[in-house]
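Small disclaimer: the values here were computed from a predicted structure and weren't measured. In what follows, chains carry the letters A, B, and so on, assigned in the order in which the sequence lines appear, proteins first and then strands, with residues in each chain numbered from 1.
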Amino acid sequence: MTIEEQVQLLARGASLIVPENGLKAKLEKSAKTGKPLIVKLGLDPTAPDIHLGFAVVLRKMRQFQDLGHRVTIIIGDYTTLIGDPSGRSATRPMLTSEQIAENAATYVDQLSVILDKEKTDVRFNSEWLGKLSFADLVKLTSKITVAQVLTRDDFKKRWDAGQPISLHELLYPLAQGYDSVAIHADVEMGGLDQTFNILTGRELQSDPEIAQDPQIGFFMPLLVGLDGVKKMSKSLGNYIGIAEPALSQYSKVMSLADAQMGTYFLLCTDVPTAEFAEILKAQNPMEAKHRLAWEIVTIYHGAEAASAASDEWKRIHSARQFPSDAPELTVPENPINIVALVRHGNFAPSNGEARRLIEQGGVKLNGEKLSDPAATITITDGDELQVGKKNFARLKV
RNA sequence: GGGUCGAUGUCCGAGUGGUUAAAGGAGGCGGUCUGUAAAAUCGUCGCGCGAGCUACGCAGGUUCGAAUCCUGCUCGGCCCA
């Protein structure tokens with residue numbers, strides 16, 4: 001593959017590369033020297049569930065690996081003490097070191113689903129940040145001005161809105177930038193919310209005293225979540241986890257708004273741009289969405305599982321039938337009050353909620369609505385219980 | 001250190017002594033509709049079967065009655081030093 005083609009492949013889906021021609025220069029340098037590029041990604045070990053939004057970045061790094069380059073994952077065990085303010089309107093809570101260790105282990109595990117383990121290094125930034133003396137730190141802080149930090153969008157917003165900014169948060173970009181220095185990063189990956197942090201890395205690397213070839217910033221768009229508005233994130237609950245069961249992933253993709261399909265094709269699948277553009281134009285939205293769901297599930301579960309998930313989804317939603325693999329729920333007593341049954345299956349957080357579901361016709365037994373919360377019913381083995389749209393259980397006495 | 005303003009339900013936000021489990025919005029959930037979704041539309045959203053209980057930063061107090069008044073505290077914004 002020529003350098004030009006590589007650039008094209010890598011740039012697919014990227015929202016921004018800084019500097020613009022930097023990627024080409026880096027690739028040329030690597031080809032000439034025979035040294036693989038070091039592609040850096042910093043992770044806050046806070047939320048160890050990898051979802052499709054995060055996978056966007058990981059999959060891009062996998063492309064780098066497939067072209068012969070190396071990935072360095074930096075677990076921000078030290079920076080977590082600070083708490084990255086990016087995209088947060090409020091100061092993050094600090095984690096204990098046990099939590100950090102636990103989360104980091106989970107991360108490494110999940111990362112290997114997408115990344116090539118052979119070409120991935122994992123480092124903890126306490127390794128170098130923990131060694132800095134106060135004098136070192138002060139020296140580092142002298143390389144950047146308060147005004148620079150305060151131009152950063154999220155700080156600026158908080159400042160303008162009169163929200164608190166702790167002094168320690170201002171140090172975060174420096175710490176992250178120093179990570180790049182420590183590992184001689186060539187490329188740093190991130191979402192656009194990482195712009196400032198990544199550019200700070202460039203700034204430090206090009207400082208005369210450090211004199212490294214500054215990394216390029218490689219920005220991937222933030223994937224919009226299931227709600228179609230906010231970025232996909234675990235805390236917002238609008239995510240599709242890469243470890244989720246095939247059917248669950250499939251269903252979630254199907255529940256996307258039609259308008260989001262193009263973005264998902266681009267960022268979450270390998271379907272060539274021209275091809276999915278054609279699909280979106282030619283097929284009706286549901287067909288296109290089935291294709292999208294199939295492509296995505298295939299990446300994480302294989303084609304066979306994806307097809308099975310597809311069939312199952314159609315059974316449930318198009319034919320409105322009971323899912324074949326509904327979890328079994330053993331009834332604690334028989335006959336049983338409906339509210340107790342719904343609660344027993346954990347389908348409602350409180351009795352009042354359960355009653356409401358029942359009264360509003362959200363609970364079905366063998367396809368028939370049960371609308372009297374006071375009723376007591378007799379269960380037969382194999383009875384099919386549905387609560388709301390998504391919860392199913394096959395009852396066992 | 002001083003002054004001043006603020007803290008309300010998942011979030012935003014109204015409410016300055018009584019019909020306030022707390023307007024309105026966002027959001028969630030359920031029903032209907034539908035080719036998936038969206039949209040639309042109807043309903044619902046503290047806990048409790050209920051009597052009732054618990055809730056407006058925290059702790060006390062005034063009052064027949066407090067989210068609303070008073071005192072102290074905690075946290076935060078702004079201004080002054």
Side-chain angles (χ1 to χ4, degrees), chain A residues 85 87-94 155-169 224-240 247-265 279-280 282-297 306 309-321 323 336-343 345-365 367-376 385-392:
Chain A
R88 297 276 172 141
S89 49
T91 308
R92 282 190 187 181
M94 295 195 177
F155 283 140
K156 190 173 174 343
K157 275 188 195 141
R158 282 161 67 183
W159 182 264
D160 290 345
Q163 287 170 337
I165 300 172
S166 297
L167 191 53
H168 74 280
E169 293 180 76
V224 172
L226 299 174
D227 56 9
V229 181
K230 295 180 188 133
K231 73 165 183 174
M232 182 176 284
S233 89
K234 197 187 175 197
S235 53
L236 293 174
N238 60 354
Y239 70 102
I240 302 175
L247 180 61
S248 167
Q249 291 183 337
Y250 200 96
S251 305
K252 285 184 177 179
V253 175
M254 289 307 289
S255 77
L256 287 173
D258 289 355
Q260 287 178 270
M261 287 195 282
T263 316
Y264 272 69
F265 264 117
I279 291 174
L280 291 177
Q283 300 185 354
N284 79 43
M286 190 176 66
E287 287 307 315
K289 208 175 286 177
H290 273 300
R291 172 68 187 275
L292 175 64
W294 187 87
E295 290 286 347
I296 290 176
V297 174
S310 178
D311 292 343
E312 185 68 10
W313 190 91
K314 285 172 186 161
R315 273 183 42 125
I316 300 169
H317 295 272
S318 299
R320 298 184 184 237
Q321 287 176 11
I336 186 171
N337 169 266
I338 305 177
V339 173
L341 179 61
V342 170
R343 289 282 283 151
N346 241 337
F347 300 127
S350 70
N351 289 1
E353 178 82 17
R355 296 171 63 81
R356 217 189 78 234
L357 278 167
I358 294 161
E359 280 165 7
Q360 297 191 131
V363 176
K364 289 183 200 160
L365 187 72
E368 298 217 3
K369 280 183 189 171
L370 302 173
S371 51
D372 177 13
T376 297
L385 177 71
Q386 177 175 3
V387 181
K389 289 176 198 161
K390 294 169 198 149
N391 300 307
F392 302 91

Handout entry: With sequence neighbours excluded, residues passing side chain to side chain donor-acceptor pair (under 3.5 Å) with A:Arg355
Key = none

Problem - B:U68 and B:G15, which share atom name P, separated by this distance in whole Å - result: 15 Å

Problem - 5'-to-3' dot-bracket of RNA chain B (Watson-Crick, G-U; under 3.5 angstrom; crossing pairs as [ ]; | other strand) - result: ((((((((.[[[..)..(.....]]]((((((.......))))))((....))...[[[[[..)....]]]]]))))))).

Exercise for the section: Could you tell me whether A:Glu353 and A:Arg356 have a side-chain N and a carboxylate O separated by less than 4.0 Å? Expected result: yes

Exercise for the section: List in chain and number order the residues that pass side chain to side chain donor-acceptor pair (under 3.5 Å) with A:Lys364, two or more places apart in sequence or in another chain; answer none if no residue qualifies. Expected result: none

Practice task
Sticking with atom C1', work out how far B:A22 lies from B:G9, rounded to a whole angstrom.
Solution key: 9 Å

Exercise for the section: List for me each residue that meets side chain to side chain donor-acceptor pair (under 3.5 Å) alongside A:Ser248, sequence neighbours excluded, and say none if there are none. Expected result: A:Glu244

Exercise for the section: Answer with base, sugar-phosphate or nothing: what part of the nucleic acid does A:Asp258 contact at a heavy-atom distance below 4.0 Å? Expected result: base

Handout entry: A:Glu295 with A:Arg291: basic N within carboxylate O range, under 4.0 Å
Key = yes

Exercise for the section: Using the ring of A:Tyr239 (Phe, Tyr or Trp, six-membered ring only), decide whether A:Lys252 places NZ or CZ under 6.0 Å from its centre and within 45 degrees of its axis. Expected result: yes

Practice task
Not counting sequence neighbours, which residues clear side chain to side chain donor-acceptor pair (under 3.5 Å) with A:Gln386? List them please.
Solution key: none

Completion exercise
Assign each of A:Asp227 and A:Gln386 the nucleotide of RNA chain B bearing its closest heavy atom; nearer the 5' end lies the nucleotide of A:Asp227

Practice task
On the 0 to 90° scale, with breaks at 30° and 60°, tag the A:Tyr250-A:His290 ring pair as parallel, tilted or perpendicular.
Solution key: tilted

Exercise for the section: Please find the earliest and latest nucleotides of RNA chain B, in the 5' to 3' direction, that have an atom within less than 4.0 Å of any heavy atom of chain A. Expected result: B:G28 to B:G77

Exercise for the section: Could you say whether A:Arg356 or A:Trp313 is positioned toward the 5' end of RNA chain B, judged by the nucleotide with the nearest heavy atom to each? Expected result: A:Trp313

Handout entry: B:G46 versus B:A21 - spacing of their P atoms, nearest Å
Key = 13 Å

